[in-house]
Asker: 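Could you have a look at this structure, given as structure tokens, before my questions?
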Amino acid sequence: TFTYNSLLSSYIKQGKLEDAHHLFDKMPERNTVSWSSIISANTRSGNFFHAFDMFEEMMEEGLIPNEYTLGSLLKASSGLGDIWVGKQLHGWSIRTGFASHAGVRTSLITMYSNCKFLDDAMRIFCDVPPHLQEDIPTWNSIIAANVSNGDCSEGFQLFSDMLCTGLVRPTKPTYASMLNAYASVGAIEYGRIIHGKIRQRWTVQQGATMGNSLVKLYAKCGNLKDANRMFEMVFPKN
RNA sequence: CAUGCACUAGCA
């Protein structure tokens with residue numbers, strides 16, 4: 001089964017979902033890892049309903065989801081904006097103890113955030129025990145949650161709290177959220193500082209996924225010349 | 001052997 005799972009995950013990495021499903025169907029044995037792989041592949045590609053279908057089939061085979069499966073299922077409910085399913089999963093993860101895993105927490109925060117329940121997202125974040133404060137996706141998710149739900153000042157506060165712990169370094173998603181926040185409050189000069197930090201750490205190529213946020217920042221703040229310059233740097237061929 | 005975080009065109 002390990003061998004089959006490895007092959008399965010390599011299909012998924014190559015984006016060959018058809019082949020992955022085909023292999024999955026004819027595997028002699030499927031364990032929780034196999035199911036988690038195929039379910040996460042479906043949520044990542046936006047097939048949320050299919051992910052839940054597979055989840056049902058998994059249960060029918062008598063297998064119990066674990067923290068990996070749960071993360072993907074929460075992401076699927078988040079993608080559907082289905083707060084009801086999300087809450088069911090939340091309840092179940094508390095009862096089983098999986099809620100204590102960093103990945104599950106992050107998914108819960110994102111799920112509540114996408115469903116516009118910022119308060120619930122914050123409640124989850126506040127329960128994070130100290131030893132999980134070094135998990136950067138957890139910070140990123142709660143910062144993004146506040147920024148995208150309109151509470152930028154809380155986003156700035158959290159960012160600074162994060163730096164104060166000294167436990168984690170910002171990553172690309174962290175900076176992207178900060179750029180979005182500065183864009184939405186029109187603080188272009190602070191945005192430039194972030195831009196500088198990004199340039200210190202990544203090449204234009206490596207930082208390409210933050211290009212959109214940079215274009216947005218400069219465009220929003222009326223500096224079309226810089227926005228155009230960013231656009232050309234990030235998408236040189238177009 | 002598998003999970004979770006930002007960005008991801010235009011119009012509306």
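Lettering of chains follows the sequences in order, A, B, ..., and the numbering in each one begins at 1.
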Asker: Which atom pair, heavy atoms only, marks the closest approach of A/Asn146 to A/Gly155?
Answerer: CB-N, 4.0 Å
Asker: When we call it a touch if two heavy atoms are under 4.0 Å apart, what does A/Ala145 touch: a base, just sugar-phosphate, or nothing?
Answerer: nothing
Asker: Under 4.0 Å, heavy atom to any atom of RNA chain B: which of residues 112-119 of chain A qualify?
Answerer: none
Asker: Would you classify A/Ser107 as touching base, sugar-phosphate or nothing, given that sugar-phosphate means primed atoms plus P, OP1 and OP2, and contacts are heavy atoms under 4.0 Å?
Answerer: sugar-phosphate
Asker: Just to verify, what does A/Asp82 make a side chain to side chain donor-acceptor pair (under 3.5 Å) with, not counting sequence neighbours?
Answerer: none
Asker: Does A/Glu61 have any side chain to side chain donor-acceptor pair (under 3.5 Å) partners at least two apart in sequence or in another chain, and if so, which?
Answerer: A/Arg30
Asker: Just by distance, with hydrogens left out, do A/His195 and A/Tyr218 show a side-chain donor and acceptor under 3.5 Å apart?
Answerer: yes
Asker: Using a heavy-atom distance cut-off of less than 4.0 Å, which residues of residues 69-81 of chain A contact RNA chain B?
Answerer: A/Gly71, A/Ser72, A/Lys75
Asker: Angle between ring planes, A/His101 versus A/Phe98, binned at 30° and 60°: parallel, tilted or perpendicular?
Answerer: tilted
Asker: For RNA chain B, find the residues of residues 152-174 of chain A with a heavy-atom distance under 4.0 Å and give them by number; none if there aren't any.
Answerer: A/Pro173
Asker: Provide the closest heavy-atom pair for A/Leu74 versus A/Gly86 in the form atom of the first, atom of the second, distance.
Answerer: CD2-O, 4.1 Å
Asker: Any sub-3.5 Å donor-acceptor pair from A/Ser113's side-chain atoms to A/Ile109's backbone N or O?
Answerer: no
Asker: When the side chains of residues 157-166 of chain A are checked against the rest of the protein, which donor-acceptor pairs come out under 3.5 Å, sequence neighbours left out?
Answerer:
unit_1, atom_1, unit_2, atom_2, d
A/Gln157, NE2, A/Asp161, OD1, 3.0
A/Thr165, OG1, A/Met162, O, 2.7
A/Thr165, OG1, A/Leu167, N, 3.2

Asker: How would you label the contact of A/Arg30 with the nucleic acid (heavy atoms, under 4.0 Å): base, sugar-phosphate, or nothing?
Answerer: nothing
Asker: Check every strand shown and say whether A/Thr106 touches a base, only sugar-phosphate, or nothing at a heavy-atom separation below 4.0 Å.
Answerer: base
Asker: Quick check on A/Arg199: does its CZ atom have over 12 non-hydrogen neighbours (other residues, nucleotides or ligands) under 6.0 Å away?
Answerer: no
Asker: Hey, does the side chain of A/Arg44 come within less than 4.0 Å of B/U3's phosphate (OP1/OP2), counting only N and O?
Answerer: yes
Asker: Using distance alone, with no hydrogens and no angle criterion, decide if A/Thr69 and A/Ser36 have a side-chain donor and acceptor under 3.5 Å apart.
Answerer: yes
Asker: What's the CG-P distance between A/Asn140 and B/A6, to the nearest Å?
Answerer: 8 Å
Asker: A/Asn140: what forms a side chain to side chain donor-acceptor pair (under 3.5 Å) with it, not counting sequence neighbours?
Answerer: A/Thr171, A/Thr174
Asker: Show every donor-acceptor pair shorter than 3.5 Å between a side-chain atom in residues 14-28 of chain A and any protein atom, with sequence neighbours excluded, or say none if there are none.
Answerer:
unit_1, atom_1, unit_2, atom_2, d
A/Gln14, NE2, A/Ser10, O, 3.3
A/His21, ND1, A/Leu17, O, 3.2
A/His21, NE2, A/Asn42, ND2, 3.4

Asker: Side-chain donor-acceptor contacts of residues 129-138 of chain A below 3.5 Å, not counting sequence neighbours, with atom names and distances?
Answerer:
unit_1, atom_1, unit_2, atom_2, d
A/Asp135, OD2, A/Thr138, N, 3.2
A/Asp135, OD2, A/Thr138, OG1, 2.6
A/Thr138, OG1, A/Thr106, OG1, 3.2

Asker: Report the residues that fulfil side chain to side chain donor-acceptor pair (under 3.5 Å) with A/Asn5, sequence neighbours left out, ordered by chain and then residue number.
Answerer: A/Asn31, A/Ser34
Asker: Under 3.5 Å, is there a donor-acceptor pair between the side chain of A/Asn47 and the main chain of A/Thr43?
Answerer: no
Asker: When you measure from every atom of RNA chain B, which of residues 87-100 of chain A have a heavy atom less than 4.0 Å away?
Answerer: none
Asker: Polar pairs (N or O, both sides) under 3.5 Å between protein and nucleotides 7-9 of chain B?
Answerer:
unit_1, atom_1, unit_2, atom_2, d
B/C7, O2', A/Asn212, ND2, 3.2
B/C7, O2, A/Thr209, O, 3.1

